[in-house]
Visitor: 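What follows is a single structure, and I will ask about it in a moment.
The structure presented is a predicted model; accordingly, all values stated were derived computationally and were not measured. Here is the naming used below: chain letters follow the sequence lines, and residue numbers restart at 1 for every chain.
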2 protein chains.
Amino acid sequence: MEFTKDQSQGYLANHVARIFARGLTARIRPLGLTTGTFPALLELWETDGMTQKQLVAKLDIEQATMANTLARMERDGLIIRKKDASDGRVQRVWLTDRARALRGPATAAAMDENAASLACLTEDEQQQFTTLMQKIIAANRYRADSPSE
Amino acid sequence: MEFTKDQSQGYLANHVARIFARGLTARIRPLGLTTGTFPALLELWETDGMTQKQLVAKLDIEQATMANTLARMERDGLIIRKKDASDGRVQRVWLTDRARALRGPATAAAMDENAASLACLTEDEQQQFTTLMQKIIAANRYRADSPSE
DNA sequence: AGCACTTGCATAGCAAGCTATACAACAATA
DNA sequence: TATTGTTGTATAGCTTGCTATGCAAGTGCT
């Protein structure tokens with residue numbers, strides 16, 4: 001069997017991810033947000049004051065990547081980092097007012113982007129697609145979703 | 001309806017793409033290859049001597065990204081770029097012997113990675129997943145797959 | 001021929017991902 | 001209580017993606 005890029009799931013996944021990312025980038029630009037901050041914001045909107053380590057585990061992203069992303073977010077006035085009182089190593093991450101105010105418009109933009117990029121699929125297909133990706137992630141992620149701590 | 005990352009197709013697509021990329025990165029590292037060069041190599045293994053513009057159209061990647069990727073590939077001895085005789089602006093891209101020799105092992109690595117990351121899905125589900133991604137790409141890519149020239 | 005327009009590529013600069021490594025703060029133990 | 005190990009973050013340096021911009025080579029029109 002020949003190997004062609006248009007049948008390679010790895011290649012297709014990369015392409016699909018770029019499509020979503022390009023769309024979302026454009027939609028959240030007016031808000032002063034970039035895509036990389038989005039996952040962290042989603043977690044923090046749910047639970048403010050998480051540690052960096054908790055964010056890393058939740059998002060299945062390398063610790064170094066998270067540290068860089070948080071540095072940009074702090075620079076851009078989305079978060080502040082404060083040392084934990086009882087453990088001098090841990091940095092707790094707190095949202096600024098600006099970041100809290102962006103929750104509504106940002107999630108609306110993401111929902112719009114999802115709908116737009118998936119408009120070519122039926123409702124059923126969209127659901128299938130979602131479920132399949134969830135399965136792949138569950139089977140392949142580095143870290144457990146809910147670590148012991 | 002609440003917006004959660006684990007139901008956002010854009011987020012899931014990014015995560016799935018990272019999973020494939022991490023796996024492939026590890027598999028092709030012994031070959032001295034990186035993931036970014038892979039799409040270009042696949043096209044050139046099929047049709048050597050393409051112009052940069054043709055590659056950009058085929059791969060739905062920004063021209064600047066392609067120029068950078070080709071620069072790295074040239075640095076790493078995978079390609080050479082030669083000006084077209086009849087049009088001084090166009091750069092034709094030619095594979096080196098080293099790159100030609102990598103076709104077998106590299107595509108084998110990609111197939112292995114696809115199989116490994118999708119081992120959690122049935123054959124039917126893998127096919128569904130592939131078809132759904134192809135649909136999304138067809139509906140959302142920037143450029144036509146086969147430009148007029 | 002000379003001018004503006006277009007086209008193909010390169011460069012600058014940034015975001016977001018990665019690995020490898022350093023380092024300070026805590027924990028455990030001899 | 002020192003030493004040794006572990007753990008949480010940070011930093012360095014790379015790839016891969018993007019936008020914006022510059023520039024040289026071709027095209028067309030007068």
Side-chain angles (χ1 to χ4, degrees), chain A residues 10-11 14-26 28-29 32-41 50-57 59-76 78 81-93 142 147-149, chain B residues 11 14-26 28-29 32-40 50-57 59-76 78 81-93 142 147-149:
Chain A
Y11 176 84
N14 172 273
H15 199 163
V16 168
R18 284 191 290 114
I19 285 169
F20 278 106
R22 292 193 293 218
L24 186 60
T25 297
I28 62 181
R29 194 179 196 179
L33 289 179
T34 55
T35 57
T37 67
F38 221 100
L41 285 173
M50 294 180 82
T51 70
Q52 188 184 121
K53 189 186 181 186
Q54 289 175 314
L55 285 169
V56 164
L59 301 177
D60 193 30
I61 265 197
E62 287 304 318
Q63 175 270 319
T65 302
M66 193 74 249
N68 273 325
T69 301
L70 291 175
R72 270 181 278 115
M73 290 174 77
E74 190 158 34
R75 179 201 65 190
D76 297 341
L78 292 168
R81 286 186 278 193
K82 278 193 263 189
K83 276 207 194 304
D84 187 283
S86 66
D87 187 336
R89 292 167 302 180
V90 335
Q91 291 272 30
R92 293 203 171 265
V93 181
Y142 272 179
S148 53
E149 155 59 7
Chain B
Y11 177 86
N14 172 273
H15 199 163
V16 168
R18 285 191 289 114
I19 284 168
F20 279 106
R22 292 194 292 218
L24 186 60
T25 297
I28 62 181
R29 194 179 195 179
L33 289 179
T34 55
T35 56
T37 67
F38 220 102
M50 295 179 81
T51 68
Q52 189 184 118
K53 188 187 181 185
Q54 288 175 313
L55 285 170
V56 164
L59 301 177
D60 192 30
I61 265 197
E62 287 304 317
Q63 174 269 319
T65 302
M66 194 74 248
N68 272 326
T69 301
L70 292 174
R72 271 181 278 118
M73 291 174 77
E74 191 158 34
R75 179 200 64 191
D76 296 340
L78 293 168
R81 286 186 279 192
K82 277 194 265 194
K83 275 207 194 304
D84 187 283
S86 66
D87 187 337
R89 292 167 303 180
V90 334
Q91 291 273 28
R92 291 203 172 266
V93 180
Y142 271 180
S148 49
E149 160 56 7

Visitor: Quick one: label B:N14 by what it contacts on the DNA or RNA (base, sugar-phosphate, nothing), any heavy atom closer than 4.0 Å.
Guide: sugar-phosphate
Visitor: Check the distance between C:dG8's P and B:E62's CD and give it to me in whole angstrom.
Guide: 15 Å
Visitor: In whole angstroms, how far is the P atom of D:dG8 from the CE atom of A:M50?
Guide: 14 Å
Visitor: I'd like to check A:T69 versus A:L55 (side-chain heavy atoms, cut-off strictly below 4.5 Å). Are they in contact?
Guide: no
Visitor: I want to check one thing: is the phosphate of D:dA10, taken as OP1 and OP2, less than 4.0 Å away from some side-chain N or O of A:Q91?
Guide: yes
Visitor: Please give, in whole Å, the distance from C:dT6 C1' to B:K53 NZ?
Guide: 10 Å
Visitor: If you measure from CG on A:D76 to OG1 on A:T37, what distance do you get to the nearest 0.5 Å?
Guide: 8.5 Å
Visitor: Is there a side-chain contact between A:V56 and A:K53 (heavy atoms, below 4.5 Å)?
Guide: no
Visitor: Just checking B:T25: base, sugar-phosphate only, or nothing, at a heavy-atom cut-off of under 4.0 Å?
Guide: nothing
Visitor: Give every pair of a protein N or O atom and an N or O atom of nucleotides 22-26 of chain D that lie under 3.5 Å apart, one pair per line with the distance.
Guide:
{"from": "D:dA25", "atom 1": "O3'", "to": "B:G88", "atom 2": "N", "distance (Å)": "3.3"}
{"from": "D:dG26", "atom 1": "OP1", "to": "B:G88", "atom 2": "N", "distance (Å)": "2.5"}

Visitor: Return the CG to OH distance between A:L59 and B:Y11, rounded to the nearest 0.5 Å.
Guide: 4.5 Å
Visitor: Distance check: side-chain N/O of B:Q52 vs OP1/OP2 of C:dA10, anything under 4.0 Å?
Guide: yes
Visitor: Residues two or more places apart in sequence or in another chain: which of them pass side-chain hydrogen bond (donor to acceptor under 3.5 Å, both in side chains) with B:Q52?
Guide: B:Q63
Visitor: Please round to the nearest 0.5 Å and tell me the distance separating atom CG of A:D60 and atom OG1 of A:T65.
Guide: 10.5 Å
Visitor: Taking atom C1' of D:dT7 as reference, at what distance in whole Å does atom CD of A:Q54 sit?
Guide: 14 Å
Visitor: Grab the CG-P distance between B:L24 and C:dC18 for me, whole Å please.
Guide: 14 Å
Visitor: Within the structure provided, determine whether A:V93 and A:Q54 are in side-chain contact (heavy-atom separation under 4.5 Å).
Guide: no
Visitor: Hey, does the side chain of A:R18 come within less than 4.0 Å of D:dC18's phosphate (OP1/OP2), counting only N and O?
Guide: yes
Visitor: For B:I61 and D:dT15, what is the distance between atoms CD1 and P respectively, to the nearest whole Å?
Guide: 15 Å
Visitor: Take the protein atom CG of B:L59 and the nucleotide atom P of D:dC18, then report the distance between them rounded to whole Å.
Guide: 11 Å
Visitor: What nucleic acid atoms does A:T65 come within less than 4.0 Å of, heavy atoms only: base, sugar-phosphate, or nothing?
Guide: base
Visitor: Using OP1 and OP2 only, check whether a side-chain N or O of B:R22 sits under 4.0 Å from C:dG17.
Guide: no
Visitor: Give me the distances for all protein-to-nucleotides 12-14 of chain C N/O pairs that come in under 3.5 Å?
Guide:
none

Visitor: Distance check, rounded to the nearest 0.5 Å: A:L41 atom CG versus A:L78 atom CG?
Guide: 6.0 Å
Visitor: Within the 4.0 Å heavy-atom criterion, would you say A:T35 contacts the bases, only the backbone, or no part of the nucleic acid?
Guide: sugar-phosphate
Visitor: Rounded to the nearest 0.5 Å, what separates atom CD1 in B:I19 from atom CG in B:L24?
Guide: 14.0 Å
Visitor: Taking CG from B:D76 and C1' from D:dC14, how many angstroms apart are they, rounded to a whole number?
Guide: 12 Å
Visitor: When you compare the side chain of A:Q91 with that of A:K83, does any pair of heavy atoms fall below 4.5 Å?
Guide: yes
Visitor: Want to settle it: does A:T34 or B:R29 sit nearer the 5' end of DNA chain C, counting the closest nucleotide to each?
Guide: A:T34
